[in-house]
Structure formats: C-alpha cells, structure tokens
Amino acid sequence: MKTVNKKAISIAFIQIYQFSKLFFYSTIILKILEIIKFFSFAYISKKLIDQISFSILNKDEKATIDSIKYIVFVTLIAIIFVFTEKLLMYFTAKAHITLVVRSRAYINKKIAMMDISVFDSPECNDQLKQAIRDFGGVEALFLNYCNIFFSFLSLIISFTIVFLLQYIVAFFVIISVIPSFFLIKRLKKKNYILEKELNTTDRRIDYYSHIFGSKQYAKEMRFYNLKDFFSKKYENISSYKKKKKSKFLFLTMINECSLSFIQNIFKLFVYIFVFLKVLKENLTIGEFTYIGTIILNLSQATNSFLTSINDIIINSQKVKNFYLFFEQDYSLKLLNKSNMQNALKIKSLRFENVSFVYPNSEKYVLKNLNFEIKNNEKVAFAGVNGAGKSTIIKLILRLYKPTSGAIYLNEVNIEEIDITEYRAIFSSMFQEYTQYSLSVFDNIRIYDINAKIDINRAIKALKCASLNDDLNLTSLLKEVTKSFSEDGVVYSVGQLQKLNFARTLYRQTDIYIFDEPSASLDPFSEEHIFREILKNLQDRTVILISHRLGNLKNFDKIIFLNNGEISEIGSHFGLIKKKGEYYRMYMTQFNQY
C-alpha cells in the first residue's frame with residue numbers, strides 16, 4: 001500500500017461527493033445492506049434447514065406448522081431485502097448517470113482551459129487521451145475503497161465464525177487466496193503499461209475509422225478509390241494491436257489457470273477437513289451448510305480484499321497521472337482581475353525581442369521581433385507562406401507563450417493580465433474557419449454566446465459579410481449543417497468564410513484580428529470584405545494577415561516577414577517606393593492580373 005497516493009484517495013472521495021452525493025451515499029448503504037443480507041440469510045438458512053429436517057424426520061405436526069411459519073417469515077424478510085436493495089440500486093444507477101454527465105463536463109472544462117500547444121504535439125495528444133482514460137480511476141478508486149472496507153468487515157466476521165469452529169481452517173482459507181494477490185497485481189500492472197503503449201495505436205485506429213465514416217473524406221474516398229489503401233492501413237495497425245493484446249491475454253490465461261489450480265487444491269483440503277469434522281462431531285445439515293457458506297465467503301472476502309488493494313494501487317496511480325497532467329504548464333493561469341483594469345484601456349500592443357519555437361521542435365518560427373501597434377491603427381502582416389504570420393496572431397491572443405522576449409499591452413506584460421479579461425478585448429477571425437451544429441444566429445454570436453441577444457446586430461453583421469439573402473428570423477434559427485436537422489443550411493467554403501467574418505464583426509471589442517479573411521472568396525466578395533473592415537472599424541484597432549497585397553493600400557502599417565524575421569515595415573506606398581521584398585511580391589501578383 002506504500003505506492004498508494006494519499007492525495008489521489010482524498011481527490012476520489014471529494015470528486016465523487018461533489019459530482020453526486022446520492023451516488024456517494026447510496027453506494028455505501030448498498031454495501032452495508034449486502035453484508036447484513038449475507039450473514040442474516042446464512043444464519044436464517046441454517047435454522048430453516050434444521051427446522052425442516054426436524055419436521056421431516058420426526059413427522060411432528062407442530063414442527064411442520066412451525067416450519068411453514070418459518071418459511072413465510074424468511075420469504076417476507078427476503079422480499080423486504082430485495083425490495084430495499086432494488087430501490088437502492090435504482091437510485092444508485094440514476095445517480096450514476098448524473099455522475100457520468102458531471103464527470104464529462106468536468107473533463108471538458110479542464111481540456112478547454114489547456115494551452116493550445118498540447119494539440120500540436122503527438123506525445124501530448126497521447127498523454128491527454130491517457131489522462132481522460134485515467135479519470136475513470138476517480139470513480140474506480142472510490143468503489144475500491146468501499147470494497148476494501150466492506151470486504152475487510154466481511155472477512156473479519158467470517159474469519160471469527162470459522163476460527164471459533166476450527167482455527168486451522170480459518171488460516172488455511174486465507175493462505176489459499178494470498179497467491180492470487182501477487183499474480184493479479186502483476187497482471188494489472190502489465191495491463192496498465194500496455195494500455196499506455198497502445199495510445200498512439202488506438203488514435204490511429206480511430207483516425208482511419210473516422211476517414212471511412214466522415215463526410216469530409218467521402219468524395220475523395222470514392223473518386224480516387226482509396227478504400228483498399230486505407231483498409232490496409234487500418235488492418236495493419238489493428239493487427240499490431242491484436243498481437244500485443246493476444247500476448248497479454250495468453251499471459252493472463254496462464255496466470256489464471258495457475259491461480260485456479262492452486263486455489264482449488266487448497267479448497268479441496270479445506271472441504272475434506274470440514275466434511276470429516278462434520279462426521280466426527282455429528283453436525284446437522286443446516287450447520288454443515290452454514291459452515292460451508294461462511295468458509296466460501298471467507299475465501300471470497302479475502303480475495304476481494306486483496307484484489308481491491310491491487311485495484312487501489314493502479315487506480316490511485318491513474319488519478320495521480322490525471323491531475324499531474326492537468327497541473328502542468330498546459331493549464332492556463334488565471335490572475336486576479338481587479339489588479340489589471342487599467343491595462344485594458346487600449347493604448348498600444350508591443351512586441352519586445354519576441355522569439356518562438358513550437359513544442360518538440362528546435363526550429364525558430366519567429367526570431368527577435370520588435371514592433372508596436374497603436375490604438376485605432378490598421379496593421380497588416382504580409383510575407384510568404386510559413387513566414388510566421390499566423391503564429392504572431394496566436395501569440396497576441398495568448399494561445400501560445402513566447403519562447404523568449406515579451407508582449408506588452410500598455411507596457412504591462414500580457415502574462416500578468418487575467419487571460420479572460422485580456423481576451424475580452426479581441427475579436428478574431430482565424431485562418432481555420434469553423435461552423436457549429438447550431439443555428440445561424442448562434443454561429444454568429446458564438447463569441448458572445450452568454451451575452452444578451454441582439455438580432456439586429458446579427459443581421460447587420462451578415463449584411464456586411466454579403467450573407468443577406470432571405471434574412472429573417474426563420475433563416476437565423478436554421479441550423480448550420482445537416483448533422484442533426486434536415487432543414488439545416490449547407491454553406492459553401494466561401495459562404496462559410498463569410499459566416500466567420502460576420503461572427504467576428506458581431507462581437508464588439510477594441511481590437512479585431514483577421515487571418516486571411518478572403519482566402520476562399522471571389523474578387524468581388526474579397527473587395528467587399530476589405531471595404532467593410534475599413535468602413536465599420538474606423539475607430540477600432542485592426543490586425544490583419546493577407547497574401548493579397550493590393551488590399552492593403554489603405555492600411556496604416558504593413559509588417560513584412562521573411563523566415564520568421566521582420567524584413568520591412570511601412571505603409572503600402574512607402575514599401576513600394578523602397579522596391580524591396582514587399583514590392584517584388586506585389587509586382588508578381590500585379591502582373592498575374
């Protein structure tokens with residue numbers, strides 16, 4: 001028990017109690033009822049068998065009537081116990097639904113508070129998946145401790161009864177179970193290690209299964225006849241898992257056969273000993289049945305007790321791993337809001353010697369960046385693919401932390417500002433535009449989903465995004481996608497980008513960020529989007545990324561990146577006059593039209 005983590009135990013009990021008090025108490029009461037029921041009926045059965053035997057042997061009318069009364073009494077007691085047990089099981093099962101729902105909600109919130117860098121690393125992805133699995137150890141650990149306590153109580157009662165009859169048998173039964181402790185401990189440890197080893201394998205299996213069942217891949221799967229290719233991939237990775245699992249199952253079978261052989265040999269000697277004792281001391285059939293039942297329970301209770309110890313060791317490690325993972329630097333740090341109010345009156349946003357390397361990489365994506373964005377300024381980032389433009393946005397929004405250097409909002413390091421308050425000053429349109437299986441209106445207001453509903457503002461944002469066909473309350477309430485509704489709206493890629501643009505405009509903030517807002521749009525829609533940005537956000541700070549340099553003519557400042565470094569800063573016409581890298585990229589685009 002030295003390997004059991006005490007913190008994990010307290011966490012398990014506290015979490016189960018918080019998730020569902022009813023499950024907590026009903027589980028304990030069920031265990032108590034189980035013990036009372038077993039020992040009561042073991043003793044009552046002994047009395048009943050002896051009473052019936054006496055009636056049959058003596059053919060006594062009074063004894064027969066007493067037997068019938070006893071049978072009725074036992075039946076009534078059984079009905080009461082069964083009814084009580086079933087009622088408790090109903091409430092426990094009902095409470096367990098609440099427990100599962102709240103547990104999943106708890107994990108979802110934990111994941112939502114994690115730094116986005118976790119999703120960039122395959123190793124972190126595996127750790128995350130394992131952590132989610134390990135959270136099951138919270139409920140398991142609570143049940144393990146219930147089992148170990150009540151198994152021990154049952155063991156002590158059974159041991160005392162058997163010991164009073166014959167102490168050698170009592171010790172013999174317990175010794176017969178001990179080998180199982182070490183064999184089961186070994187198997188559980190190996191199974192947990194194997195489970196962690198197969199994390200990446202399981203993710204690959206899920207991925208290939210997802211390809212077959214996803215609309216995203218359906219067209220290419222059929223057009224390019226990729227069925228056999230991905231089937232082979234799936235079969236190969238599944239075959240690898242099957243070999244690993246089969247090896248473990250074979251080891252389990254050998255261990256369980258050995259264990260069963262040892263236990264049955266022990267039981268053989270025990271039952272022979274009891275049988276000879278019954279013959280020698282002329283015990284009744286009821287007493288023989290009673291002794292046999294208690295001996296069997298002593299064996300089962302001892303086995304349950306030792307098994308629970310093994311389970312506690314494994315599950316306490318799981319709970320510990322879960323909380324260790326989420327207590328790492330992946331979790332976002334929330335600070336005291338009241339200390340940073342002044343920092344949020346926007347004056348400037350400044351990068352000072354900022355460099356960045358993605359997790360598990362040695363290549364610098366950004367190198368020693370220094371620039372400043374002032375209030376109400378319209379600033380654009382330009383450069384070739386992979387220059388680091390989108391990474392700058394992620395750093396500004398605190399989706400990542402700089403590897404070195406610092407970012408300042410009004411000369412306050414943004415890491416010292418409460419992240420919720422800090423992000424409240426931004427509205428961002430990401431390069432990876434999204435749609436949710438919610439209504440059109442909820443998709444528009446997703447960034448302010450808890451705020452007061454403003455239909456007029458939503459319609460205005462949709463009009464700015466040129467999504468103003470048939471705008472009315474009915475159309476706003478239709479779901480985006482047909483995932484759950486046949487009446488849903490299916491947007492093209494360009495329309496989906498417009499929807500994300502409308503979503504960004506709907507949120508009223510100080511700083512607006514657009515990462516390639518027109519990448520999938522036709523020239524007319526593209527020109528309209530940029531016109532709307534400058535028209536509607538005149539008194540706001542705008543940060544934009546675009547490859548279409550012709551759209552940046554009216555921006556105050558353009559920061560041109562090359563290989564993660566700033567090569568030029570200036571206005572569009574100023575950079576054209578310099579005839580540097582910005583000029584060459586602009587002329588290349590200009591000559592294509």
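Since this is a predicted model, take the numbers as computed values, not measurements. Computed from heavy atoms alone, side chains included, the values below leave out hydrogens, waters and symmetry copies.
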**Item:** Nearest-0.5 Å distance, CG of residue Leu99 to CZ of residue Arg104
**Value:**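 Rounded to the nearest 0.5 Å, the CG-CZ separation comes out at 13.5 Å.
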**Request:** Can you measure from CD (Glu532) to NZ (Lys535) and round to the nearest 0.5 angstrom?
**Result:**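 Between atom CD of Glu532 and atom NZ of Lys535 there are 5.0 Å.
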**Results of ring-ring contact (aromatic ring centres under 6.0 Å, His included) for Phe248 - residues two or more places apart only** =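 Per chain and number, Phe248 pairs via ring-ring contact (aromatic ring centres under 6.0 Å, His included) with no residue.
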Tell me the closest heavy-atom pair linking [X] and [Y], and the distance in Å.
{"X": "Ile529", "Y": "Pro517", "value": "CG2-CB, 4.4 Å"}
{"X": "Leu194", "Y": "Lys245", "value": "CD2-CD, 4.2 Å"}
{"X": "Arg503", "Y": "Asn500", "value": "NH1-OD1, 3.1 Å"}
{"X": "Thr541", "Y": "Asn376", "value": "OG1-N, 2.8 Å"}
{"X": "Thr509", "Y": "Ala424", "value": "CG2-O, 3.5 Å"}

**Request:** Apply side chain to side chain contact (heavy atoms under 4.5 Å, CB included) to the pair Glu411 and Arg350, showing each step before the final yes or no.
**Result:** CA-CA 8 Å; Glu411 301 310 314; Arg350 182 170 62 85; 2.6 Å; yes
Decide yes or no for [X] and [Y]: does some side-chain heavy atom of the first lie under 4.5 Å from some side-chain heavy atom of the second?
{"X": "Phe351", "Y": "Ile392", "result": "yes"}
{"X": "Ser348", "Y": "Asn375", "result": "no"}
{"X": "Gln15", "Y": "Tyr106", "result": "yes"}
{"X": "Glu565", "Y": "Asn368", "result": "no"}
{"X": "Phe19", "Y": "Val101", "result": "no"}
{"X": "Phe430", "Y": "Asp515", "result": "no"}
{"X": "Lys498", "Y": "Ser525", "result": "yes"}
{"X": "Asp556", "Y": "Val379", "result": "no"}

**Request:** Just say parallel, tilted or perpendicular for the rings of Phe135 and Phe322, cut-offs at 30° and 60°.
**Result:**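 Ring orientation, 0 to 90° scale: tilted.
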**Message:** Quick one, Val493 with Gln497, criterion side chain to side chain contact (heavy atoms under 4.5 Å, CB included). Give me CA distance, side-chain angles, the key distance, then yes/no.
**Reply:** CA-CA 6 Å; Val493 175; Gln497 191 165 29; 5.9 Å; no
**Message:** Show every salt bridge (Lys or Arg N to Asp or Glu O under 4.0 Å) that has at least one partner inside residues 370-391, sequence neighbours left out.
**Reply:**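 Qualifying pairs: Glu377-Lys557.
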**Prompt:** Counting only heavy atoms not in Lys233, do more than 12 fall under 6.0 Å of its NZ?
**Reply:**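 Atom NZ in Lys233 is not crowded, with 12 or fewer foreign heavy atoms closer than 6.0 Å.
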**Asked** If you draw a 6.0 Å radius around CZ in Arg204, do more than 12 non-hydrogen atoms from other residues or ligands fall strictly inside?
**Response**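 For Arg204, atom CZ is not crowded (no more than 12 foreign heavy atoms under 6.0 Å).
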**Asked** side-chain contact (heavy atoms from CB on, under 4.5 Å) with Glu235: which of Ser231, Ser239, Ser238?
**Response**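 Option passing the side-chain contact (heavy atoms from CB on, under 4.5 Å) with Glu235: Ser231.
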**Message:** Using the rule ring-ring contact (aromatic ring centres under 6.0 Å, His included), only one of Phe371, Phe514, Phe560, Tyr582 pairs with Phe381; which is it?
**Reply:**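 Of the listed residues Phe371, Phe514, Phe560, Tyr582, the ring-ring contact (aromatic ring centres under 6.0 Å, His included) partner of Phe381 is Phe371.
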**Message:** Can you confirm if the NZ or CZ of Arg445 lies within 45° of the ring axis of Tyr506 and under 6.0 Å from the centre of its six-membered ring?
**Reply:**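 The answer is no; the distance or angle limit is not met.
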